[in-house]
Amino acid sequence: MTAFKSDFLNILQERGFIHQCSDFEGLDALAAKGEATAYVGYDCTARSLHIGNYLTMMMLHWLQQSGNKPITLMGGGTTMVGDPSGKDETRAMRTVAEIEANKESIRGVFAKVLRYGSGASDAVMLDNAEWLTKLNWIEMLRDVGRHFSVNRMLTMDSVRLRLEREQEMSFIEFNYMVCQAYDFVELAKRTGCKLQMGGSDQWGNIIMGVDLGRRMGTHQLFALTTPLLTTASGAKMGKTARGAVWLNADAFSPYDFWQYWRNTEDADVGKFLKLFTTLPMAEIKKLEALGGSEINEAKKVLATEATALLHGREAANEAAETARRTFEEGALAETLPTVEIPRGEIDAGLGVLNAFVKAGLVASNGEARRQIKGGGLRVNDEPVTDEKMALSASNLTPEGVIKLSFGKKKHVLLKPA
């Protein structure tokens with residue numbers, strides 16, 4: 001393990017955030033002096049960011065905690081183009097109104113982990129639509145486009161992998177890396193920004209920005225990426241039967257968020273405590289050392305601390321108490337995730353397979369059938385044995401809901417609306 005001069009890189013290294021860096025020595029010297037102003041870009045493709053974005057938000061958090069200045073860049077302009085990274089087809093084109101609505105919905109989450117203001121290390125939020133939408137096409141080609149080699153662009157993973165799979169790439173997507181590189185140069189000129197951070201899949205795009213800055217006469221720019229998240233079993237992190245793990249509470253409830261972390265694989269507990277909580281390393285090491293059934297206590301700490309950071313301590317404690325009552329006492333906690341179903345569907349008889357799909361506990365009817373055969377699904381705590389079972393008003397509890405359970409840890413209440 002390298003010993004850095006700066007708290008910033010020492011913290012990131014100890015907690016497992018570092019994958020690649022363009023110049024460790026130069027960046028370390030800047031960060032040690034509190035001069036490593038850095039940004040991460042967030043496109044507005046959905047109404048909420050997801051757990052993968054949270055990793056780079058935590059990088060900005062530790063940057064600020066070590067006395068450096070973070071910039072959150074909203075991708076009002078780049079979202080109009082669409083990042084091809086990791087995609088087999090062109091992203092759906094969104095209207096300006098959709099992008100603006102997404103941007104407004106996303107904004108609030110950053111204040112959970114960053115301090116905004118006018119101080120030297122206070123975070124600022126900018127939007128690349130401010131400059132990208134005002135560019136003149138011919139001037140852009142002459143002043144910026146001439147610095148890009150098509151030969152090199154074709155070697156970038158976002159392009160190369162698409163072409164190797166014989167998937168068409170549109171001209172607008174091919175220009176995404178040009179827009180992202182130009183963002184870096186523009187931020188360098190406007191704010192003195194020196195570092196861009198992102199996931200490892202963004203390495204090529206970030207390096208393009210570093211190179212463009214050199215060619216266009218900015219101060220030296222730096223690149224730093226974090227590993228893409230996978231679980232110990234090799235699965236991509238951040239996916240559930242209900243879809244992505246969103247950061248907005250209205251898209252993924254604090255209880256669901258708490259449960260997501262509580263269900264962490266044993267081998268991942270230490271890694272996720274380092275990445276997604278602000279607990280001191282000494283405490284994390286004690287939790288990592290727990291074995292056997294005691295590891296479940298470490299998972300509860302992970303779930304509560306990660307949820308408290310994003311949704312607040314009160315919501316985290318409420319989620320923990322809901323889980324305790326549900327699992328340890330068998331109580332029907334009113335704060336369990338609730339999915340509203342039209343009363344007509346209940347009155348007409350809602351197929352049990354369809355019910356579990358609607359609740360987001362399984363992805364398909366086929367998966368529901370497999371789980372029923374394995375004894376994994378329950379209605380009001382009673383095992384489901386007949387895949388043709390229909391739920392009706394007779395299944396409503398005294399509280400007026402139907403409790404669906406997948407295994408011991410996943411529960412959803414169906415509520416007639």
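Hydrogens, waters and symmetry mates play no part in the numbers below; they use all other heavy atoms, side chains included. As the structure is a computational prediction, the values presented were derived from the model and not from experiment.
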**Report entry** Stepwise salt bridge (charged side-chain N to carboxylate O under 4.0 Å, His left out) check, K189 with E186
**Finding:** CA-CA 5 Å; K189 292 178 178 177; E186 191 70 21; 5.6 Å; no
Query - Over all atoms of both residues, closest heavy-atom pair of I172 and M80 - result: CD1-O, 3.8 Å
Report summary line: salt bridge (charged side-chain N to carboxylate O under 4.0 Å, His left out) filter on E283, not counting sequence neighbours, yields none
Query - Partners passing salt bridge (charged side-chain N to carboxylate O under 4.0 Å, His left out) against E98 (at least two apart in sequence or in another chain) - result: none
**Report entry** Ring centre gap for F257 and W246 strictly below 6.0 Å
**Finding:** no
Report task. Not counting sequence neighbours, which residues clear salt bridge (charged side-chain N to carboxylate O under 4.0 Å, His left out) with K299? List them please. Result -> D266
Query raised in the report: Are E288 and K285 within salt-bridge range, i.e. N to O under 4.0 Å?
Result: no
Requested in this report: Using only heavy-atom distances, determine whether the side chains of T231 and E265 contain a donor-acceptor pair under 3.5 Å.
Outcome: yes
Query raised in the report: Partners of Y116 by ring-ring contact (aromatic ring centres under 6.0 Å, His included), sequence neighbours excluded?
Result: none
Report summary line: The reported gap from CD in Q259 to CZ in R262 (rounded to nearest 0.5 angstrom) is 7.5 Å
Query raised in the report: Do L279 and L273 touch side chain to side chain, with heavy atoms closer than 4.5 Å?
Result: yes
Query raised in the report: Could you give all pairs that pass the ring-ring contact (aromatic ring centres under 6.0 Å, His included) test and reach residues 346-372, with sequence neighbours left out?
Result: none
Let me have the donor-acceptor pairs involving side chains of residues 384-391, under 3.5 Å, with sequence neighbours excluded, atom names and distances please.
from: D386; atom 1: OD1; to: K388; atom 2: N; distance (Å): 2.9
from: E387; atom 1: OE2; to: R369; atom 2: NE; distance (Å): 3.2

Requested in this report: Step through the shown structure and confirm whether more than 12 heavy atoms of other residues, nucleotides or ligands are within 6.0 Å of NZ on K415.
Outcome: no
Report task. With sequence neighbours excluded, tell me which residues meet ring-ring contact (aromatic ring centres under 6.0 Å, His included) with F148. Result -> none
Query raised in the report: Taking the inter-plane angle between the rings of W261 and F276 on a 0 to 90° scale, is it parallel (under 30°), tilted (30 to 60°) or perpendicular (over 60°)?
Result: tilted
Query - Donor-acceptor contact present, side-chain T37 to main-chain K194, <3.5 Å - result: no
Query raised in the report: Are the ring centres of F8 and W62 closer than 6.0 Å?
Result: no
Requested in this report: Report yes or no: do Y42 and T56 form a side-chain donor-acceptor pair below 3.5 Å?
Outcome: yes
**Report entry** Expected output: side-chain R94 to main-chain T45 donor-acceptor under 3.5 Å
**Finding:** yes
Query raised in the report: Using a distance-only test with no angle check, is there a side-chain donor-acceptor pair under 3.5 angstrom linking Q202 and N205?
Result: yes
Query raised in the report: Between the side chains of S170 and E173, is a donor N or O closer than 3.5 angstrom to an acceptor N or O?
Result: yes
Report task. Tell me, please, which residues at least two apart from F174 pass ring-ring contact (aromatic ring centres under 6.0 Å, His included). Result -> none
Report task. Output yes when a side-chain donor or acceptor of K271 lies under 3.5 Å from a complementary backbone atom of A232, and no otherwise. Result -> no
Requested in this report: For the residue pair N248 and S105, confirm or rule out a side-chain donor-acceptor distance under 3.5 Å.
Outcome: yes
**Report entry** Side-chain (N68) to main-chain (E35) donor-acceptor, under 3.5 angstrom
**Finding:** yes
Report task. May I ask you to decide whether E130 forms a salt bridge with R190, counting only side-chain N to carboxylate O separations under 4.0 Å? Result -> yes
Report task. Just grab all the salt bridge (Lys or Arg N to Asp or Glu O under 4.0 Å) pairs involving residues 111-121, residues at least two apart or on different chains. Result -> R115-D122
**Report entry** Side-chain donor-acceptor pair present, S293, N296, cut-off under 3.5 Å
**Finding:** no
Query raised in the report: Can you name the residues that form a salt bridge (charged side-chain N to carboxylate O under 4.0 Å, His left out) with R370, not counting sequence neighbours?
Result: none
Query raised in the report: Within a strict 4.5 Å, meaning less than it, do heavy atoms of the L414 and L404 side chains meet?
Result: yes
Requested in this report: Could you check if a side-chain atom of R152 sits within less than 4.5 angstrom of a side-chain atom of D211, using non-hydrogen atoms only?
Outcome: yes
Query raised in the report: Closest heavy-atom contact between D43 and G75?
Result: OD1-CA, 3.6 Å
Query raised in the report: Say you draw a straight line from OG1 of T226 to CG of L275; how long is it, rounded to the nearest 0.5 Å?
Result: 6.5 Å
**Report entry** salt bridge (Lys or Arg N to Asp or Glu O under 4.0 Å): pairs with one or both residues in residues 348-361, sequence neighbours excluded
**Finding:** E345-K358
Query raised in the report: Partners of H61 by ring-ring contact (aromatic ring centres under 6.0 Å, His included), sequence neighbours excluded?
Result: none
Report task. Determine whether L30 and F222 make a side-chain contact, defined as any pair of heavy atoms from C-beta on separated by less than 4.5 Å. Result -> yes
Query raised in the report: Between N175 and Y182, do the side chains contain an N or O donor and an N or O acceptor separated by less than 3.5 Å?
Result: no
Query raised in the report: Heavy atoms, side chains only, cut-off 4.5 Å: are I402 and I346 in contact?
Result: yes
